[in-house]
Amino acid sequence: MTCSSLRAARFAGCSVLLAAFLLTSCTTSGSGGDKAGASRSPTPSSARTATEHSEKELGKQARAALAAVRGGTPVESGAERVTDGIHSEPTLSKGKTYRISLACAGKGNARLTFVPADAGSGTTVPCDKSVVQQRITADRPVRVDVDGTRGSTGVIAWQINAV
């Protein structure tokens, strides 16, 4: 065996031992092991899974509420977390009238605003699965924003239709 191949073999062996040591040190408890009957809080991954499941269910509820009030030709739609909000600059034809419909499932409220302000009437969207509709007049580019109020959670489904 040559000196360089011996050195490479030692390096590989040391790498394997180091990886095993690090893996073992990361998986053992710092207090000497688990104690019987000790309560554990949910792991971040299980909490995240529960939240994702809840958001998925709230999204279905919000979309179902919105589906009950179809009308017009769909232009743009989506569903977002209340905490993320909706921030859209839809492509709307000048001089045409549109309607935005929103349904929020969760708790709290969200606030709908338009830029420019005269493009539509701002309003509160309750997160109780009721549908809120507002007219949009597109004389120039429009920005639609929906932001959750403090402490609000859930999912907002929305759709813009040409009327």
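Side-chain atoms are counted along with the backbone in the values below, which use heavy atoms only and exclude waters and symmetry mates.
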- Query: Would you find more than 12 non-hydrogen atoms of other residues, nucleotides or ligands less than 6.0 Å from Arg143 atom CZ?
  - Reply: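 Above 12, so yes.
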
Between [X] and [Y], which heavy-atom pair has the shortest distance, and what is it?
X: Ser152; Y: Gly108; result: OG-CA, 3.3 Å
X: Val146; Y: Ala110; result: CG1-CB, 3.7 Å
X: Ala79; Y: Trp158; result: N-NE1, 3.8 Å

Any side-chain heavy-atom pair from [X] and [Y] closer than 4.5 angstrom?
X: Ser121; Y: Arg135; answer: no
X: Glu89; Y: Val142; answer: no
X: Asp145; Y: Ile86; answer: no
X: Val155; Y: Val82; answer: no
X: Val144; Y: Phe114; answer: yes

Residues forming a side chain to side chain donor-acceptor pair (under 3.5 Å) with [X], sequence neighbours excluded:
X: Thr137; answer: none
X: Asn109; answer: none
X: Thr153; answer: none

Euclidean distance, [Y] [atom2] relative to [X] [atom1], rounded to 0.5 Å:
X: Gln61; Y: Cys127; atom1: CD; atom2: SG; result: 11.5 Å
X: Glu80; Y: Cys104; atom1: CD; atom2: SG; result: 12.0 Å
X: Asp84; Y: Ile156; atom1: CG; atom2: CD1; result: 9.5 Å

Distance-only criterion, 3.5 Å: show the donor-acceptor pairs between side-chain atoms of residues 90-103 and protein atoms not counting sequence neighbours.
{"unit_1": "Tyr98", "atom_1": "OH", "unit_2": "Ser93", "atom_2": "N", "d": "2.8"}
{"unit_1": "Ser101", "atom_1": "OG", "unit_2": "Gln133", "atom_2": "NE2", "d": "3.0"}

- If you group Ile, Leu, Val, Met, Phe, Trp and Tyr by side-chain heavy-atom gaps below 4.5 Å, do Val75 and Leu112 land in one group?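 Val75 and Leu112: one cluster.
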
- Message: With side chain to side chain contact (heavy atoms under 4.5 Å, CB included) as the criterion, how do Val132 and Thr123 come out once you've worked through the C-alpha distance, each side chain's angles and the decisive distance to 0.1 Å?
- Response: CA-CA 9 Å; Val132 172; Thr123 190; 3.7 Å; yes

- Task: Determine which pairs satisfy salt bridge (Lys or Arg N to Asp or Glu O under 4.0 Å) with at least one residue from residues 105-130, sequence neighbours left out, and list them in order.
- Result: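 Residue pairs passing salt bridge (Lys or Arg N to Asp or Glu O under 4.0 Å), neighbours aside: Asp118-Arg140.
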
- Report the residues that fulfil salt bridge (charged side-chain N to carboxylate O under 4.0 Å, His left out) with Arg150, sequence neighbours left out, ordered by chain and then residue number.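 Here no residue qualifies.
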
- Message: Could you check whether any side-chain N or O of Asp147 sits under 3.5 Å from a backbone N or O of Gly85, counting only pairs where one atom can act as donor and the other as acceptor?
- Response: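 Answer holds: no.
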
